Amino acid sequence: MEAIYATSKSTYNRLYETSKVEGTISKNDLEMANGKKNSDYAQYQAAVAAHKEVSIMRGYLEIRAPFDGVVAARNVNLGTFVGPQGKGSDLPLLTIQEQSKLRLAVSVPELYTGYLHQGDEMSFNVKSLPDTFTAKITRMSGALDLKLRSERVEMDVQNTKGNLLPGMVAEVLLPLNAKDSTFVVPKSAVVSSAEGIYVVKVVNHKATRVDIKKGREIDDKIEIFGDLTPNDKLVKIASEETKEGDTINE
């Protein structure tokens with residue numbers, strides 16, 4: 001159609017130039033050549049539009065992912081019916097995964113949420129690999145899950161070697177570094193009674209109760225918060241029998 005239009009346009013242009021010499025070309029022939037040129041141009045534009053329509057329809061037959069990745073699941077085979085309804089629409093046609101950067105999600109119990117901050121580095125490992133991996137906290141939900149009473153923390157893991165696979169279960173070591181200086185004592189030094197939770201401090205061989213709050217616990221040790229200084233002496237094995245002002249032999 002483009003070639004036909006180009007020919008009729010060239011014919012009209014020649015007739016038009018020739019018609020400038022009076023008596024060579026009749027006005028009717030010139031108008032017919034002009035009409036033929038316009039008709040061919042319209043058919044040429046219609047052919048262009050039809051070709052564009054076919055190209056768009058062919059484009060619907062190609063599904064392109066917005067990223068490069070690996071086809072992790074394929075739910076269709078040659079001849080499978082795929083449509084907006086029915087069995088062909090129950091599952092996605094393909095599942096494509098971009099595995100060079102993975103997301104590690106951890107549910108941190110409420111007791112430990114105050115120790116973690118965005119940018120903190122964590123180490124983790126998976127059962128199938130002997131290596132230890134590291135990742136930094138990039139997102140924190142800022143709220144607790146009502147069922148688990150935990151905060152969702154996410155880390156971006158660079159998987160350049162491709163040895164980590166999506167869906168793996170990771171064992172994460174949380175860096176629970178306290179904001180303020182704290183004291184760690186044996187659990188036997190902490191007394192829990194109806195009068196409160198306290199430790200027994202020795203001042204001039206006399207017993208003095210110091211109210212405390214409990215923190216983290218591990219094995220036989222416990223973290224405590226209270227009016228204490230590094231030079232204070234505490235009774236290692238304390239009990240309710242020890243009263244305020246009792247003499248303590250050091």
Side-chain angles (χ1 to χ4, degrees), residues 1-106 118-119 121 126 129 133-143 152-168 170:
M1 295 309 301
E2 184 179 8
I4 292 173
Y5 166 65
T7 300
S8 60
K9 181 180 179 182
S10 177
T11 300
Y12 169 74
N13 289 337
R14 287 197 302 271
L15 292 176
Y16 177 76
E17 292 297 328
T18 305
S19 66
K20 292 180 180 180
V21 179
E22 189 174 354
T24 54
I25 301 297
S26 67
K27 182 178 292 188
N28 182 62
D29 292 341
L30 186 61
E31 290 178 354
M32 289 183 64
N34 185 41
K36 181 69 167 55
K37 181 196 71 168
N38 293 337
S39 175
D40 291 343
Y41 178 73
Q43 293 186 40
Y44 166 57
Q45 292 299 316
V48 170
H51 179 269
K52 185 176 181 180
E53 180 184 3
V54 172
S55 299
I56 293 175
M57 294 303 295
R58 288 188 61 185
Y60 289 131
L61 302 178
E62 297 178 357
I63 303 175
R64 296 184 177 272
F67 56 86
D68 296 332
V70 178
V71 178
R74 179 169 63 88
N75 300 315
V76 292
N77 296 294
L78 188 62
T80 303
F81 173 75
V82 177
Q85 296 179 349
K87 291 296 183 181
S89 60
D90 290 347
L91 298 172
L93 304 182
L94 303 168
T95 299
I96 300 179
Q97 297 177 345
E98 200 282 309
Q99 300 180 356
S100 62
K101 184 170 74 171
L102 304 180
R103 180 182 298 120
L104 174 61
V106 181
Q118 190 162 336
E121 187 174 79
V126 294
L129 298 172
F133 305 91
T134 59
K136 291 185 178 181
I137 297 177
T138 52
R139 288 170 297 277
M140 302 180 69
S141 64
R152 182 181 174 89
V153 175
E154 293 184 351
M155 291 154 279
D156 290 335
V157 181
Q158 300 300 328
N159 188 31
T160 54
K161 295 182 180 179
N163 47 2
L164 293 173
L165 302 180
M168 281 183 166

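Predicted model only: the values in this text are computed from it and were never measured.
Here CD of Glu154 is found 9.0 Å from CG of Leu104. Values are rounded to the nearest 0.5 Å. Between atom NE2 of residue His51 and atom CD1 of residue Ile56 there is a gap of 11.0 Å, rounded to the nearest 0.5 Å. Atoms NZ and CG, from Lys36 and Leu15 in turn, are 12.5 Å apart once rounded to the nearest 0.5 Å. In this structure, Asn38 CG and Tyr12 OH are separated by 8.5 Å, a value rounded to the nearest 0.5 Å.
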Solution key, residues 62-73 side-chain donor-acceptor pairs under 3.5 Å, sequence neighbours excluded:
{"unit_1": "Glu62", "atom_1": "OE1", "unit_2": "Arg64", "atom_2": "NH2", "d": "3.4"}

Donor-acceptor pairs under 3.5 angstrom involving side-chain atoms of residues 23-34: please list them, not counting sequence neighbours.
{"unit_1": "Thr24", "atom_1": "OG1", "unit_2": "Thr18", "atom_2": "O", "d": "2.7"}
{"unit_1": "Thr24", "atom_1": "OG1", "unit_2": "Val21", "atom_2": "O", "d": "2.7"}
{"unit_1": "Ser26", "atom_1": "OG", "unit_2": "Asp29", "atom_2": "N", "d": "3.3"}
{"unit_1": "Ser26", "atom_1": "OG", "unit_2": "Asp29", "atom_2": "OD2", "d": "3.1"}

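Ser141 pairs by the side-chain contact (heavy atoms from CB on, under 4.5 Å) definition with Glu151, Arg152, not counting sequence neighbours. With sequence neighbours left out, the side-chain contact (heavy atoms from CB on, under 4.5 Å) criterion links Tyr41 to Tyr5, Tyr44, Gln45. With sequence neighbours excluded, the residues that form a side-chain contact (heavy atoms from CB on, under 4.5 Å) with Glu121 are Thr134, Lys136. By the side-chain contact (heavy atoms from CB on, under 4.5 Å) test, Lys161 is found to be paired with Asn163, residues two or more places apart in sequence or in another chain being considered.
Among all heavy-atom pairs drawn from Ala47 and Met1, the shortest one is CB-CG, 3.8 Å. Among all heavy-atom pairs drawn from Met140 and Ile137, the shortest one is CG-CG2, 3.6 Å. Closest non-hydrogen pair, Pro92 versus Asn75, comes out as O-ND2, 2.6 Å.
Listed for the Ser10 side chain is no donor-acceptor partner under 3.5 Å among the backbone atoms of Ala6. Within the 3.5 Å criterion, the main-chain N or O of Thr138 finds a donor-acceptor partner in the side chain of Gln118. Between the side chain of Ser19 and the main chain of Tyr16, a donor-acceptor pair closer than 3.5 Å is present.
Side chain to side chain, Thr95 and Gln97 fail the donor-acceptor criterion of an N or O pair below 3.5 Å.
Side-chain contact between Arg139 and Asp156: present, with at least one pair of heavy atoms (C-beta onward) separated by less than 4.5 Å. The shortest side-chain heavy-atom distance between Leu164 and Leu129 falls under the 4.5 Å cut-off.
Annotation for Leu61: atom CG counts as buried by contact number, over 12 foreign heavy atoms lying within 6.0 Å.
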